[in-house]
Every structure is written in C-alpha cells, then in structure tokens.
Amino acid sequence: MEYNYAYFRNIADFVKDRIQCEPEVGVILGSGLGKFAETIEDPIVLPYAGIPGFPVSTVQSHAGKLICGNVNGKKVICMAGRFHHYEGYDFRLLSLPIRLFKLLGVRTAIVTNAAGGVNTSFRVGDVMLISDHIKLSSLSPMEGPNLDEFGERFFDVSDMYTKRLRDLAKSLAPGSGLRMQEGVYMYFAGPQFETPAEIRMARLLGADAVGMSTVTEALTAAHCGMPLLGMSVITNMAAGVVPDAVINHAEVGEAADSISDRFVAFTREIIKAL
Ligand code: HPA
C-alpha cells in the first residue's frame, strides 16, 4: 500500500460526504477511555470497516468507529479506536487519524491514552498532561517521500504538545476532581509491557509515563501544524515500580473506567473553552 496524498484525500472525501460538517476539534480515544464517544450529541457514526481503505483496530477495548457530532456547542470528530504499531501497522499508516482530521478542517487535536506511571510520585488514576515525548525507535510516520501538501520534510517538534493547550487544561483542572500531573511520555512499541530494567532506564532518561501509542499522532500533528493536547491516564504503575505487582490489560481497563466520568467531563470542558 502506498500512503500517498491520494490515499489520505480519498478517505477524507468519503468521510466528508457523510458527516456533512467541518469539525473543529479531533479527538482520539485511548484504551478504556471510549465513554467520551457516548456523550457526543447528534452523532453520525461511521464504522471503520465501512470506510474504503481504512484500517480496522484489532484491540478489543477499542471500538473502531468515527463519530462526528456536537460537544458543548463545538463540532467534534472522534476516533473511538486507534491503531498501534504492535497490531502490525506501518508507522506511515499511523499518520492517518491526524491527516484525516487535517483534511476535514480540524484545528485542534486532543489525544488520550492509558499509560504506566514511571514517576514514583504518580498514582493510579492521575491524569498526566504530556509535555514532551521520548521515542527510542528510529521509525517515523513521516518516513518515505514527504507529502508537501501536509508539511515540510524537516519540521520542528519543540512545541509538539502545545503549551497553550496544556495551560488551558491546567486552568480547568481545579474542580475537575482529577489529580493532574505534567510530564514526559516515553514510547515503547509493545505489545508486551516493559521490563523493570526498561522502566528504570526510562526514569533515568527523564520519562514520567510509558505507553504504546500517541507519539505517531503527535509527530503527524507537528508535521501538519496542528496544535495538540495529549493526556495520559495513569492506569497502573509501570513494571517493577510496585514490587511483585503484575500488569495486565484488564487492570488497565478497570483503572481507566474508575476515572472515566471525571475524565470525560474534563475533556468536554476543555473543548468548550477552546
Ligand atoms: N506500559 C505500556 N503501555 C501501557 C501501560 C504500561 O505500563 N499501561 C497502560 N498502557
């Protein structure tokens, strides 16, 4: 499959015809954080399987549909179900969600994920505003011929997790009932959770949380000049942080569930204030 401009344009044209609106905000929902999608008013739902050329998310806790509708008076498009490299998807394909948003006219992206806490002052249920990321993998969603329609070959990523949006989120945090953190997200490809030694390395390198998504989307947003807010829900302490603890996907889902209502309300407040 060639991920050229026509590939993205065809998908966007198909979606545009069906949603009949220009969404301002694009939201990508992480593991166990799907409840936000249920709060979208007047939704138009497009299952991924019905969009020609669109991949299908294979992770059980990811729904696999695009939902377009209203959130606090703003037009929003939401990806309930994201794609990950560990599912076998090429890094270049992982640029699709943000490029689709871009072609639909989205001006702000909000991406969420479940993550393991590396910073020992974090607790399960905290929400971390992502300030930056570390990705040791040399892969990039922008590898291959540059698509000039989206952005330049060489692009700056120093404000990839847009400070203005983090400041906005911080200003809305009091009263949200959420314990808010800010820090660096480190990407591991998965699907295995990390080793305790990898987590010690991550901490030494300056990571506060680890996860298996988001960085491709953030890089794509930086490439096409889209402001982005990234938020991690700390669903577990990372490997080795709690002696003898075992990490499993069910626990990740339960922890995400436990703060889901507050997190959804917080995200809706952010959208309102954009
Ligand atoms: N590691 C990687 N990804 C994750 C974790 C973790 O501990 N928790 C939730 N997603």
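Whatever order the structure lists them in is the order used to number ligands and atoms, beginning at 1.
For Glu251 and Asn236, the side-chain atoms include no donor-acceptor pair closer than 3.5 Å.
Residue contact check for ligand 1: Phe188 places no non-hydrogen atom closer than 4.0 Å to it.
Within ligand 1, counting atoms from 1 as listed, the ones closer than 4.0 Å to a heavy atom of Glu194 are 1 (N), 2 (C), 6 (C), 7 (O). For ligand 1, the atoms sitting less than 4.0 Å from at least one non-hydrogen atom of Asn236 are 5 (C), 6 (C), 7 (O), 8 (N), 9 (C), numbered in the order shown with element in parentheses. The Thr235 neighbourhood of ligand 1 comprises atoms 8 (N), 9 (C), with distances under 4.0 Å to a heavy atom of that residue. Atoms of ligand 1 found under 4.0 Å from any heavy atom of Val210 (numbered from 1 in listed order, with element): 1 (N), 2 (C), 3 (N), 4 (C).
Residue-level proximity to ligand 1 for Ala115 is carried by the backbone, the only part with a heavy atom below 4.0 angstrom.
The distance between the ring centers of Tyr5 and Phe150 falls below 6.0 angstrom. A distance below 6.0 Å separates the ring centres of Phe155 and His223.
Below 30°, between 30° and 60°, or above 60°: for Tyr187 and Phe91 the angle between ring planes is above 60°, a perpendicular geometry. Between Phe83 and Tyr89, the ring planes lie perpendicular to each other; the angle is over 60°, past the 30° to 60° tilted range. Ring geometry for Phe8 versus Tyr3: interplanar angle of 30 to 60°, hence tilted.
Between Arg203 and Glu194, no side-chain nitrogen of the basic residue sits less than 4.0 Å from a carboxylate oxygen of the acidic one, so the salt-bridge criterion is not met.
Distance from atom 5 (C) of ligand 1 to its nearest protein heavy atom, with residue and atom name: Gly116 N, 3.4 Å. The closest protein non-hydrogen atom to atom 3 (N) of ligand 1 is Gly211 CA, 3.4 Å.
Between Ala114 and ligand 1, an N or O atom pair is found at a separation short of 3.5 Å.
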